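Before any comments, here is the structure.
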Protein chains: 2
Amino acid sequence: MTSRYQAAVTLAQVAEAAGVGESTVSRVLRNHGSYSGKTRDRVMTAVERLGYVPNRIAGTLASTGSRLVAFVIPSLSNIVFADVLRGAGATLEENQYQAVFAVTDYDPAREEALVASMLAWRPAAVMLAGYEHTGRTIKMLRAANCRVVEMLDVDGTALDLAVGFSNRAAGRASAEFLLKRGYRRIGYVGHDLERDTRAGKRYSSFCETLSANGVPLAGQQIYREASSVERGRLGLDLLLARTPDLDAVYFSNDDMALGGYFHCLARGIVIPSQLAIFGYNGLDLGRVMPQALSTIRTPRVATGQLAAKLIVDSAPSQVIDLGFELIEGATA
Amino acid sequence: MTSRYQAAVTLAQVAEAAGVGESTVSRVLRNHGSYSGKTRDRVMTAVERLGYVPNRIAGTLASTGSRLVAFVIPSLSNIVFADVLRGAGATLEENQYQAVFAVTDYDPAREEALVASMLAWRPAAVMLAGYEHTGRTIKMLRAANCRVVEMLDVDGTALDLAVGFSNRAAGRASAEFLLKRGYRRIGYVGHDLERDTRAGKRYSSFCETLSANGVPLAGQQIYREASSVERGRLGLDLLLARTPDLDAVYFSNDDMALGGYFHCLARGIVIPSQLAIFGYNGLDLGRVMPQALSTIRTPRVATGQLAAKLIVDSAPSQVIDLGFELIEGATA
DNA sequence: AGTTTTTTTGGCAGCGCTACCATTTTATGG
DNA sequence: CCATAAAATGGTAGCGCTGCCAAAAAAACT
């Protein structure tokens with residue numbers, strides 16, 4: 001058995017104890033419809049005495065729509081998604097919604113399976129990262145009677161709602177910034193671009209912008225794994241071994257950039273005169289580094305907040321670009 | 001309305017379409033009980049054709065126990081809890097359990113409210129951080145017909161299951177290590193001890209061990225907020241301003257320690273000869289710093305994994321201490 | 001006091017599924 | 001070939017709640 005069983009108090013028992021009908025108890029508890037003060041007191045007393053806890057499973061089944069919101073996110077280790085969840089949490093909670101989640105590890109096939117499993121809970125909404133989903137995932141989501149929010153990206157066609165910012169624009173802005181600062185030997189250190197498609201979009205847009213300005217990417221080191229501080233450090237080491245004359249490196253995110261920064265510190269490479277570093281995300285720690293990290297700050301928490309608000313408000317289908325902010329730190 | 005409504009396909013419709021009884025469909029879908037291959041094919045074809053997605057809300061209500069596991073955790077920003085969730089995720093998923101979560105922000109009153117709200121979903125288990133809960137929380141959990149796992153601590157009396165490690169022992173080990181290395185002017189930089197009771201336990205145990213060895217804490221800077229790299233940096237700055245002659249600082253965790261490390265880099269304080277730094281958690285980035293961070297590595301992912309396994313296996317009540325590992329890095 | 005209106009209340013049919021039991025079909029054995 | 005066991009299947013009563021409707025009680029008017 002899934003769990004030990006000892007009959008829980010039911011609404012019918014409360015009604016019996018309070019000497020009222022079931023629907024009356026239901027009305028009092030949900031503060032819905034009308035009832036007298038005297039009845040309310042009797043009901044509440046019974047609830048208190050019996051230690052009644054409403055069964056939301058039954059409630060959801062009986063009423064039409066659920067108040068579950070399903071998050072199907074690529075990773076929990078990546079602070080980005082934790083921030084989004086944090087942003088959404090408060091709004092959902094205030095409105096009595098319950099968050100449910102599952103982690104895809106950036107795998108579209110897993111995403112598909114998890115979405116299917118989530119839909120079995122008949123959620124009010126499914127929150128996903130980005131636009132890249134399998135055909136079956138899209139089909140399921142369309143067929144399902146629930147809202148869909150694609151978060152953290154706006155470069156593509158939304159299924160229903162989308163909240164985020166343009167990763168392509170971010171890649172371009174990063175490139176333009178480095179070019180403006182006069183860097184001409186620019187490298188890239190990144191992580192799994194095929195799976196983290198948003199990082200992939202930044203990468204390609206970054207490269208295109210460089211090329212368009214006659215400054216092709218001078219070298220790159222791309223890992224197939226997830227991003228980490230360690231990969232950033234090792235990646236820069238490898239990249240510099242192959243291409244020693246770089247004057248700037250664009251990292252796929254701040255974690256990777258921090259790794260690169262550590263590498264420079266360890267090797268005595270002077271930043272930014274000898275090598276410039278540019279990240280992505282705008283994590284708090286970037287501001288605290290001895291030299292503030294040059295990066296792009298993304299509205300992660302705001303994305304979560306807005307995504308939740310759109311669901312709570314039953315907003316019509318739309319795409320909302322929250323933009324981003326380029327932080328001119330001291331590392332580039 | 002919570003969501004747009006368009007009647008979803010039901011099991012009855014599948015049964016009708018396949019020309020079999022409802023219970024047969026149910027058996028095939030759950031691979032439970034016996035049915036012929038021919039029937040299975042007919043059912044599966046109908047399922048496919050109609051795009052049927054079983055309704056788990058109804059399924060859970062009809063069967064006895066739910067397969068929901070409720071995580072009520074202090075924070076999502078703190079990588080510790082993300083790691084725990086990550087560890088638990090795989091095991092739960094393999095066993096068809098669904099994770100639900102809510103964030104307390106280290107507030108016992110919020111924890112109480114969230115546990116109440118979670119219990120309404122009749123979860124198979126409630127997973128909490130630590131032992132410090134309000135009386136009502138404890139009462140509710142005892143009354144509820146579900147398993148309870150208290151994670152990341154073993155210093156106290158468990159309600160049911162507990163998986164983690166001793167924060168007191170960790171505090172003591174840290175103190176002993178610093179003493180052994182010959183540090184005698186030791187300070188502390190930490191965050192909200194009253195709310196993060198596990199950090200509080202490490203702190204008090206650390207101080208007691210120092211005192212017991214005739215080396216009382218030489219100074220401290222404690223913030224009331226959550227930990228962050230920034231607080232670590234500012235905290236060390238303030239602490240050194242008041243107590244310049246420290247030779248070592250114990251930080252409430254690695255994030256704080258990283259902030260301290262950045263401060264030293266910025267001020268040209270040589271580590272560890274001029275000032276030693278010691279953290280807690282054993283985050284990956286500690287290994288990648290130019291000087292590996294001296295810290296204590298905690299089995300966060302393993303805690304999550306084991307917690308999930310105990311639930312899945314319906315293990316009897318018990319407390320499991322997974323221990324920790326002291327990492328002799330280069331910063332202390 | 002007799003109506004009409006408004007407020008409060010209870011009864012009960014589902015929501016979509018699973019568990020249990022009864023029944024039918026198929027396989028096994030003497 | 002029939003008795004007996006085994007496998008496959010269908011019917012249906014809930015699970016605990018909500019939504020609807022009708023009935024009862026209270027309040028507001030003539």
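Throughout, a chain's letter reflects where its sequence line sits, starting with A, and its residues are numbered from 1. Quantities reported herein were computed from a predicted structural model and do not represent experimental measurements.
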Look at the side chain of A:Arg110 and the backbone N and O of A:Val103, then say whether any donor-acceptor pair between them is shorter than 3.5 Å.
yes
Under a 3.5 Å threshold, yes or no: a donor from one side chain and an acceptor from the other, between B:Ser26 and B:Ser23?
no
Taking atom types as modelled and ignoring hydrogens, do the side chains of B:Ser34 and B:Arg27 form a donor-acceptor contact shorter than 3.5 angstrom?
no
side-chain contact (heavy atoms from CB on, under 4.5 Å) partner of B:Val149, chosen from B:Leu310, B:Ile320, B:Ile311:
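The side-chain contact (heavy atoms from CB on, under 4.5 Å) with B:Val149 is passed solely by B:Ile311 among B:Leu310, B:Ile320, B:Ile311.
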Can you name the one residue among B:Val84, B:Ile79, B:Asp83, B:Leu85 that meets side-chain contact (heavy atoms from CB on, under 4.5 Å) with A:Leu76?
B:Leu85
State the CH2-CD distance between B:Trp121 and A:Gln98, to the nearest 0.5 angstrom.
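CD of A:Gln98 is found 7.0 Å from CH2 of B:Trp121.
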Test salt bridge (Lys or Arg N to Asp or Glu O under 4.0 Å) applied to A:Glu111 and A:Arg136, step by step:
CA-CA 10 Å; A:Glu111 181 182 72; A:Arg136 231 173 75 80; over 6 Å; no
Output, in order, the C-alpha distance, side-chain angles, deciding distance and verdict of side chain to side chain donor-acceptor pair (under 3.5 Å) for B:Glu112 and B:Thr134.
CA-CA 7 Å; B:Glu112 181 180 304; B:Thr134 67; 2.7 Å; yes
With sugar-phosphate taken as primed atoms, P, OP1 and OP2 and all else as base, the protein-contact string of nucleotides 8-13 of chain D at under 4.0 Å (heavy atoms; B, S, -) is BBBB--
Over the length of the helix from C:dA1-D:dT30 to C:dG30-D:dC1, how much do the five-pair end axes diverge, rounded to 10 degrees?
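The angle separating the two end axes equals 30°.
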Pi-cation contact, B:Tyr97 with B:Arg67 (under 6.0 Å, within 45°)
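Yes, a cation-pi geometry.
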Separation of D:dG19 C1' from A:Leu29 CG (nearest whole Å)
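Rounded to whole Å, this separation is 16 Å.
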Whole angstrom value for the distance that separates P of D:dC17 from CZ of A:Arg122
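The answer, rounded to whole Å, is 21 Å.
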I want to verify a distance call: between [options], whose nearest atom is closest to the [X] side chain?
X       : options                : answer
B:Leu61 : D:dG19, D:dC15, C:dC15 : D:dC15
B:Leu11 : D:dT18, C:dT18, D:dC17 : C:dT18
B:Thr10 : C:dC17, C:dA19, C:dC15 : C:dC17

side-chain hydrogen bond (donor to acceptor under 3.5 Å, both in side chains) test vs B:Lys201 passes for just one of B:Asp153, B:Asn167, B:Asp155, B:Asp196, namely B:Asp153
Identify all pairs in which a protein N or O lies below 3.5 Å from an N or O of nucleotides 22-28 of chain C, and state each distance.
none

